[in-house]
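Notes for the one structure printed next.
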Amino acid sequence: MMALLITAGCGGGNGSTLTRQANLSPEAVIQHFFDAAKSSRMNEAALYVSPTSVGDTQTVLKFVTGQSSATIKNANLLSVRIVAQQGNYAAALATMQAEQNSLSLVFKPVGLEKINGEWYIVDYDQIFREAKYKILAQLLTGL
């Protein structure tokens, strides 16, 4: 019985810890976010969302992809392009295919903030609500 308890105690400690890949470009942050969300790894996707927006990960996903975590499996992120950058803010344009084998393309503006040297996606609505994102809102307005 004691051997069973010791074996059980040693075997269960290998839980995987989520880590955010460091030193990513703004485009790569969006790609990692999309890939994690598409694979239903929402806790991992949240690592690429600004700490001020992290409670809105589903809202960020819905805006960026036009879909919820339940339906993103059929979407494809075709490209991400930075269209404007100023200081710690960047505005990107993501081109998406909402469904496999669809000719319909969706273009989504995505705002990012650089925090401690790392880029994070900011909730689109939050960008226009909070004064601290005034520069980012201006960058996105032109898209």
Side-chain angles (χ1 to χ4, degrees), residues 4-143:
L4 181 62
L5 289 174
I6 291 172
T7 304
C10 293
N14 195 12
S16 62
T17 305
L18 293 175
T19 56
R20 182 185 196 281
Q21 189 168 342
N23 302 315
L24 295 176
S25 67
E27 298 94 337
V29 167
I30 295 168
Q31 184 70 55
H32 277 73
F33 170 81
F34 181 87
D35 291 344
K38 184 171 176 139
S39 299
S40 298
R41 299 185 320 262
M42 294 310 295
N43 288 338
E44 183 180 337
L47 297 174
Y48 299 95
V49 176
S50 168
T52 60
S53 299
V54 81
D56 296 324
T57 302
Q58 286 294 329
T59 304
V60 171
L61 175 66
K62 183 91 170 146
F63 176 77
V64 171
T65 66
Q67 301 182 31
S68 69
S69 59
T71 60
I72 191 175
K73 292 181 188 333
N74 295 324
N76 290 315
L77 180 61
L78 301 177
S79 69
V80 178
R81 197 178 98 218
I82 296 300
V83 293
Q85 186 173 340
Q86 185 175 343
N88 290 329
Y89 299 106
L93 190 61
T95 305
M96 307 195 54
Q97 180 184 30
E99 303 238 350
Q100 301 281 336
N101 302 319
S102 168
L103 297 177
S104 175
L105 298 179
V106 178
F107 302 96
K108 292 287 187 171
V110 181
L112 297 106
E113 176 182 20
K114 195 173 204 178
I115 303 169
N116 296 326
E118 298 292 339
W119 289 101
Y120 293 88
I121 298 170
V122 180
D123 174 56
Y124 191 78
D125 292 332
Q126 183 181 13
I127 292 168
F128 292 96
R129 273 193 321 258
E130 295 185 18
K132 91 174 213 171
Y133 294 118
K134 182 179 180 181
I135 293 171
L136 187 54
Q138 290 171 347
L139 293 174
L140 288 169
T141 301
L143 299 180

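The structure places OG1 of T141 at 9.0 Å from CG of L136, a figure rounded to the nearest 0.5 Å. Taking CH2 of W119 as the start and CD of E27 as the end, the distance is 9.5 Å to the nearest 0.5 Å. Note that OG1 of T52 is 9.0 Å distant from CD1 of I127, once rounded to the nearest 0.5 Å. E118 contributes atom CD, which lies 11.5 Å from atom CG of L47 (distance to the nearest 0.5 angstrom). Taking CD1 of I82 as the start and CG of L93 as the end, the distance is 10.0 Å to the nearest 0.5 Å. Note: S53 OG to Y133 OH = 5.5 Å, rounded to the nearest 0.5 Å.
Residues passing the side-chain hydrogen bond (donor to acceptor under 3.5 Å, both in side chains) test with Q21, sequence neighbours excluded: H32. For Q86, there are no side-chain hydrogen bond (donor to acceptor under 3.5 Å, both in side chains) partners two or more places apart in sequence or in a different chain.
Atom CZ of R81 has 12 or fewer heavy atoms from other residues, nucleotides or ligands within 6.0 Å. The number of heavy-atom neighbours closer than 6.0 Å to NZ of K132, taken from other residues, nucleotides and ligands shown, is above 12.
Heavy atoms only, all atoms of each residue included: S50 and E113 are closest at OG-OE1, 3.6 Å. The two residues Y48 and L24 have their closest heavy-atom pair at CE2-CD1, 3.6 Å. Annotation for P26 and L112: closest pair O-CD2, 3.8 Å, computed over non-hydrogen atoms.
Two residues are said to be in side-chain contact when any heavy atoms from C-beta on lie closer than 4.5 Å; L140 and F128 meet this criterion. Side chains of F33 and V49 form a contact here, defined as non-hydrogen atoms less than 4.5 Å apart. Annotation: side chain of N88 is not in contact with side chain of I135 (no heavy-atom distance under 4.5 Å). In this structure, the side chains of F34 and M96 come closer than 4.5 Å at one or more pairs of heavy atoms.
Panel note: side chain K114, backbone G87; no donor-acceptor pair is recorded below 3.5 Å.
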- Message: As a quick check of understanding, evaluate side chain to side chain contact (heavy atoms under 4.5 Å, CB included) for D35 and E44, giving each step before the final call.
- Response: CA-CA 10 Å; D35 291 344; E44 183 180 337; over 6 Å; no
